[in-house]
Amino acid sequence: MRCQLIKMSTNYKSLLDQARTTEMVVPQFSIQILLLVAALLASMAMIGEVVGGYQFAFMAINSLSVYIPVVILENMTVFGDGVFLLVLVLLFSCRHIRFHWAVLFTSLLGVIVVNLLKDYFAMPRPPAVLDPETFNLLCRAYKARSFPSGHSLTAFLLASVCFCYTKNVFFKVVLITLAVLVGLSRVLIGVHWPMDVLVGGSLGIVLGVGGVMITAKWKFGLCAYVHLFMLSLMVIACIAVFVAGNDYTLALPLLYAAAGAALVQAVRDYILVK
């Protein structure tokens, strides 16, 4: 037992030392691409507001949901759920302490910004404005705090952080595509206006890029106390999946599988070290 504890401690110190000594070079080309996408999303929101008002394009997009199985839509939209994204971070980058610091910092920024904006604007969601018979609502009828879309902001935020940390072009495309699908799913299931999604996505990218640039220089999070806090959050997120479930019940098999695998990965990487 004592020998195993020594191995765990040595392994963890090694990960911390590696995180502190490895410099994060922020890829300027990736930053430029992300900011271009953010500008595109913001421009679409502004043009839509001028042409069709705050509710522009909602009916046209929402009507397409009849052609997409509900199980697909629910599995798409959970990729914007903050708890599930913490699970994925633990699953796919369990030992990457510097990446964990970037995710923690940007996530805190995202939570603060999205809640301030939701409370300030207090915009009604489609179920609070439209007749239920006129559009497709595929989940609980949320009615308040529509602007901006939290799922969209979170999805684009984490996609932006991952975009900066990966060198694989194919993976970069997949990340942005997934974030776009999350945004679309919020309109398709009837809980957000396109304006909410576009602004949320644009803000998510800006916050993600800003967070990456700050954490690349600021090493506050590369210490045991902060990282153990982040690690605890990710483990709690996994447990919460099993205990609290999710509004989107058809996505539960995916959530359970990911949470279980992430917990196993954490045990292997931090406890059962050789």
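Fair warning: this is a prediction, and the values are worked out from it, not measured in the lab.
- For L16 against C223, the heavy-atom pair with the smallest separation is CD2-C, 4.0 Å.
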| field | Residue pair R20, I97: steps toward the side-chain contact (heavy atoms from CB on, under 4.5 Å) verdict | value | CA-CA 9 Å; R20 294 190 192 105; I97 292 178; over 6 Å; no
| query | Checking side-chain contact (heavy atoms from CB on, under 4.5 Å) for the pair L137/V191: CA distance, chi angles, key distance, verdict? | reply | CA-CA 7 Å; L137 179 64; V191 293; 4.2 Å; yes
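- Scanning both residues, D131 and F135, for their nearest heavy atoms gives O-CD2, 3.5 Å.
- Between V89 and L158, some side-chain heavy-atom pair lies under the 4.5 Å cut-off.
- T77 contributes atom OG1, which lies 12.5 Å from atom CG of L250 (distance to the nearest 0.5 angstrom).
- Hydrophobic clustering (side-chain heavy atoms under 4.5 Å, transitive across Ile, Leu, Val, Met, Phe, Trp, Tyr) keeps I47 apart from L198.
- Proximity of I31 to V26: side-chain heavy atoms (C-beta onward) are separated by under 4.5 Å at one or more points.
- Using a 4.5 Å heavy-atom cutoff, the side chains of I189 and S65 are not in contact.
- Heavy-atom minimum distance, Y270 versus N11: CA-ND2, 4.4 Å.
- Taking the side chain as every heavy atom from C-beta outward, F56 and M195 approach each other to under 4.5 Å.
- Between the side chain of S93 and the backbone N or O of H96, no donor-acceptor pair lies under 3.5 Å.
- Residues D196 and Y54 have side chains that bring a donor and an acceptor to within less than 3.5 angstrom of each other.
- Annotation for A155 and G80: closest pair CB-CA, 4.1 Å, computed over non-hydrogen atoms.
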| message | Please determine whether side-chain contact (heavy atoms from CB on, under 4.5 Å) holds for the pair F79 and L254, giving the CA-CA distance in whole Å, both sets of side-chain angles, and the decisive distance to 0.1 Å. | response | CA-CA 10 Å; F79 278 90; L254 171 64; 3.9 Å; yes
| task | Show the numbers, then the answer: is there a side-chain contact (heavy atoms from CB on, under 4.5 Å) between V241 and N246? | result | CA-CA 7 Å; V241 166; N246 195 279; over 6 Å; no
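- Remark: the backbone N or O of R125 is not paired with any side-chain donor or acceptor of H192 at under 3.5 angstrom.
- Ring orientation note: the planes of Y256 and F242 are close to parallel, at an angle under 30° on the 30°/60° scale.
- Y165 and V169 sit in two unconnected hydrophobic clusters of ILVMFWY residues. Membership requires side-chain heavy atoms under 4.5 Å apart, directly or through other members.
- Connection of F29 to L40 is established within a shared hydrophobic cluster, with ILVMFWY side chains joined at heavy-atom distances below 4.5 Å, either directly or through further cluster members.
- Rounded to the nearest 0.5 angstrom, S202 OG and L34 CG are separated by 11.0 Å.
- The main-chain N or O of F58 is never found under 3.5 Å from a side-chain atom of N62 such that the two would form a donor-acceptor pair.
- In this structure, the separation between CZ on F163 and CG on N168 is 11.0 Å, given to the nearest 0.5 Å.
- Sparse packing is recorded around CE of M44, with 12 or fewer heavy atoms of other residues, nucleotides or ligands lying under 6.0 Å away.
- A 4.5 Å side-chain heavy-atom check between L188 and I61 finds at least one atom pair inside the cut-off.
- Both L233 and V243 are part of a single hydrophobic cluster, where members link through side-chain heavy atoms under 4.5 Å apart.
- Within the 4.5 Å cutoff, the side chain of I33 has no heavy atoms near those of the K172 side chain.
- A heavy-atom distance below 4.5 Å is not found between the side chains of W193 and M123.
- When side chains are defined from C-beta on, H227 does not count as touching L15, because their heavy atoms never get closer than 4.5 Å.
- Distance CG/L231 to OH/Y12: 6.5 Å, rounded to 0.5 Å.
- Side-chain atoms of E74 come within 3.5 Å of backbone atoms of T249 as a donor-acceptor pair (strictly under, hydrogens ignored).
- The residues E23 and K219 are annotated as salt-bridged, a charged nitrogen and a carboxylate oxygen being separated by less than 4.0 angstrom.
- Without hydrogens or angle criteria, T166 side chain to C162 main chain gives no donor-acceptor distance under 3.5 Å.
- With hydrogens and angles ignored, the 3.5 Å screen pairs no side-chain donor or acceptor of R186 with any backbone N or O of H151.
- Separation of atoms CG (L86) and NE2 (H100) is listed at 10.0 Å; rounding is to 0.5 Å.
- The OG1 atom of T215 lies 8.5 Å from the CG atom of L222; values are rounded to the nearest 0.5 Å.
- Put simply, L41 and V173 are part of two different groups of oily side chains (I, L, V, M, F, W, Y) that touch within less than 4.5 Å, one to the next.
- Clustering of Ile, Leu, Val, Met, Phe, Trp and Tyr side chains at separations under 4.5 Å places I112 together with L116.
- The minimum heavy-atom distance linking A179 with A159 is given by the pair CB-CB, 4.1 Å.
- In plain terms, the two heavy atoms of N75 and A251 that are nearest each other are OD1-CA, 3.7 Å.
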